Structure formats: structure tokens, C-alpha cells
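Counting starts at 1 for both ligands and their atoms, following the listed order. The shown structure was predicted, so the numbers you read here are calculated from the model rather than taken from an experiment.
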Amino acid sequence: MNSTSPQAPALKDVFKNRFLIGAAVNESHITESAGANCEVALIQRHFNTITPENLLKWESVHPTPDRYNFGPADRYVDFGVKNGMFIIGHTLVWHRQTPAWVFQDEHGAPLSRAALLQRMRDHIFAVAGRYKGRIAGWDVVNEAINEDGTMRQSPWLKIIGDDFLLKAFQFAHEADPDAQLYYNDFALDNAPKRAGALALVKKLQAQGAPITGIGLQGHHWMTWPALKEVETTLDTFAALGLKIMITELDVTVLPPVTTELDAEVGPDFKLLPEHDPYTKGMPDAAQQALAERYAGLFSVFVKHQDQITRVTFWGVTDANSWLNYWPAHGRTDYPLLFGRGCATKPAFDAVVAVGRGIHYK
Ligand code: XIL
């Protein structure tokens, strides 16, 4: 079945009474010449919400103290408006892809709390303010919790203190009072981290922070997390009265190269053949296993559809997935529903079957 042919159902239609269906997109999808790219047709046909993979991160949109680079972000937002999509902003306050200068004065010395708060406010007003009324939801703070549930010792935390989250949400709300505002993190199915995030969000709510939702990234493995943990995570955060979104869904089929969940494996990492088993294609049995894994995940999402407002995939096809270059460079992964060349995979059929209420095996 060709995914862009009229016979292939559109994912957004299959799930239309349940939740939005999205994809992370990047500059190659939204430039004028992007029409030649088969991924653009997939985005327009299957998805009703988009997230920018990189172009709204601090280093991209605000690379130097006095320069904002709004060109790509403007085109991203125009693309979403033109296609009638629910447009996500990702992300305002994070420890990664944020230049070192953000935390330093003009002499390279660490900023004071007051100066960093001012800089955070200026950035949020410039970026969220510019797209007011068009970007509908923002990942305000990304990844503030460690795996053991403690607060990540990021420069934001070290310089400002743990009210940096409250401030970020307040600034974002002032900049765009109608935008939905989310806390977004990965591996919240890990019980200690989930407990830490729960405590953090409860504290924010008690302080009156204008938080409206929780983004569960959903960078999953074939065997982790167990579906019952995914259900527990949904129930845990839904009980706070917040919108829950799966914001960065993908399922790696490759063996782990490190036990560190949080690791970026450096360029000196030696890639062994066993780390990259499917360079010439994915065997049928592995395709089938991935399809069953996706069927399991979507069965949970459908069962919990009243708690979930959106499911966004982190990428469009296997060709453009970040998992080909993270945590190690130069691998060939197959984490999404569309293959290299844009054809649908068995995992696509599995997700559609679940969406239509058909038991998938
Ligand atoms: C990733 C992008 O996909 C890559 O292109 C980039 O090199 C690194 O960041 N959690 C997030 C995303 O919130 O922003 C990350 O995106 C993936 C993990």
C-alpha cells in the first residue's frame, strides 16, 4: 500500500474523535522547494499537528545575544497555518541546544540570578510573543528531572534556583495568555523519575503556575517501558487535571549502545556491527515485532483516549529520524510508521487497525 495513495487511510482521520496526530518537522519540510520531498505529502495527508524538531530551540532561534533567527520559525508557523494544523512550539527553557553565552555575562562570568531571569523573560517574550495566537501550545520547560527523581543540576537550576520553572511558566503566560503551556520530559515511565515529576508538577500547581499539560516524550524501546507502566504514567498525570500528550513518539529497534538513558555518545565511540544490525534492511520478523509493539502502545492510547489530547511522532519517516545519529552516529534505525522512501510499514497498518477497533496480531 502506498501511503500517499487514496486507499491508505490518513492517520488523522483514523484517530479524529480521539486525539490529534502529529509529527516533528524540520526546515527541509517547509522550504519553498520542499514539494519534491515525499515526506511533505505525508505530513499534509496524515498529520493535523506539527512540532519543530530543532528550529525553535534556543541555539537555532536565538544564536547570539543580539540576534534572533526567525526565518525558519516563521516559515514553520506559516506552513502550519496554511495547512490548518495545531502548531506546537518546542522548547523555551532547556539545558541542551542552548548556547553557553546564555548563562554568562559579556566577560564569560556566570550570570546572576536576576540577570538570567531577565534574559529568560526577554527570550520568552521575543519568541512566544512573536507567534502569539498562532503557536497553540508550548513546551515551556524541557527535561528538568533526573532519572532518580531529583532536580537536574542544569545551569537554569544552579543560577536561578528551583523556581526557574515557575518563572518560565509565568513569563510564557504573560507573553501569550491563550497558549497551552506544557512541562515535557522523557522516560517518565521510570517510577522514580515519574514520582519526581509528579512532585514537581504538584508544587507548580500549588504555586499557581499556569501549566496546562504534560508532555510524555515517548522515546521507547521494543521491551521498555512495559505497557502497564505507560498506563500508570497516564493515570498519574491525568489525576492532576492536566492535558496529557505523547510528544515525541518513536520506538528504536536497535540494541542499546549505552546503559545511560540520558547519554550522547561522542564521536570517538566505536560503532561495532552488533550495534547496527539492519544496515541492509529490516527482516520481516523484526518488522512484525515493531508492528506488535506499536499496536500495544496505541491500544493503551485508545483505552486512555479521554486523558490524551495528542500523539506526535518524532520525525516523519525512518530516513529522517534522529535515532540514526543518536545516541551514536551512523546507525540505521527503523523507529517510525513510514519507511525510507515514504511507504507505509506493517507498523502503520497495526496502528490503523487499532484505531479502527480491530484486534491486531
Ligand atoms: C533532538 C533532535 O531530534 C535532533 O535532531 C537534535 O540533534 C537533538 O535533539 N528530547 C527532545 C528533543 O525534547 O528536542 C530532542 O530532539 C530529542 C530528545
Participant: Check whether the ring centres of Phe298 and Phe301 lie less than 6.0 Å apart, and answer yes or no.
Facilitator: yes
Participant: Do any nitrogen or oxygen atoms of Glu248 come within less than 3.5 Å of a nitrogen or oxygen of ligand 1?
Facilitator: yes
Participant: Out of all atoms in ligand 1, which are within 4.0 Å of some heavy atom of His90? Include the element for each.
Facilitator: 11 (C), 12 (C), 13 (O), 14 (O)
Participant: Should the ring pair Trp58 and His123 be called parallel, tilted or perpendicular, given that the plane angle runs from 0 to 90° and is split at 30 and 60?
Facilitator: parallel
Participant: Taking heavy atoms and a distance under 4.0 Å, where does Arg96 meet ligand 1: side chain, backbone, both or neither?
Facilitator: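 For Arg96, no heavy atom sits under 4.0 Å from ligand 1.
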Participant: Could you check whether the rings of Trp224 and Trp221 sit parallel, tilted or perpendicular, using 30° and 60° as the cut-offs?
Facilitator: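 Rings of Trp224 and Trp221: perpendicular, as their planes differ by over 60°.
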Participant: Please state which part of Asn142 comes within less than 4.0 Å of ligand 1, counting heavy atoms only: side chain, backbone, both or neither.
Facilitator: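 The answer is the side chain of Asn142.
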Participant: Closer than 4.0 angstrom, basic N to acidic O: yes or no for Asp262 and Arg152?
Facilitator: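 Result for this pair is yes, salt bridge flagged.
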Participant: May I ask whether Gln97 places a heavy atom under 4.0 Å from ligand 1?
Facilitator: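 A heavy atom of Gln97 does come that close to ligand 1.
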Participant: Between Trp326 and ligand 1, which residue portion shows a heavy-atom distance shorter than 4.0 Å: side chain, backbone, both, or neither?
Facilitator: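 No part of Trp326 comes within reach of ligand 1.
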Participant: Has Arg310 got its NZ or CZ under 6.0 Å from the middle of the six-membered ring of Phe86, at an angle within 45 degrees of the ring axis?
Facilitator: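 That pair does not qualify as a cation-pi contact.
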Participant: Going by the angle between their ring planes, with limits at 30° and 60°, are Trp101 and His62 parallel, tilted or perpendicular?
Facilitator: perpendicular
Participant: Over 60° means perpendicular and under 30° means parallel, so classify the ring planes of Tyr334 and Tyr278, tilted if in between.
Facilitator: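 Tyr278 vs Tyr334 ring planes: perpendicular.
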Participant: Of all the atoms in ligand 1, which lie at a distance below 4.0 Å from a heavy atom belonging to His219?
Facilitator: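 Those qualifying, in numeric order: 17 (C), 18 (C).
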Participant: So which of Lys57, Glu53, Glu143 gets nearest to atom 1 (C) of ligand 1, if we judge by its closest heavy atom?
Facilitator: Lys57
Participant: Students should be able to answer this: which protein heavy-atom is nearest to atom 5 (O) of ligand 1, and at what distance?
Facilitator: Tyr325 OH, 2.6 Å
Participant: Report yes if Trp94 has an N/O atom closer than 3.5 Å to an N/O atom of ligand 1; otherwise report no.
Facilitator: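 Looking only at distances, the answer is no, because the N/O contact criterion of under 3.5 Å is not met.
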Participant: With under 30° as parallel and over 60° as perpendicular, where do the rings of Trp94 and His90 fit, or are they tilted in between?
Facilitator: tilted
Participant: Which one holds for Asn54 and ligand 1: side chain close, backbone close, both close, or neither close, with close meaning a heavy atom under 4.0 Å?
Facilitator: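 Side chain only.
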Participant: Using a strict 4.0 Å cut-off to heavy atoms of Gln217, name the atoms of ligand 1 that fall inside it.
Facilitator: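 The atoms of ligand 1 under 4.0 Å from a heavy atom of Gln217 are 10 (N), 11 (C), 13 (O), 18 (C).
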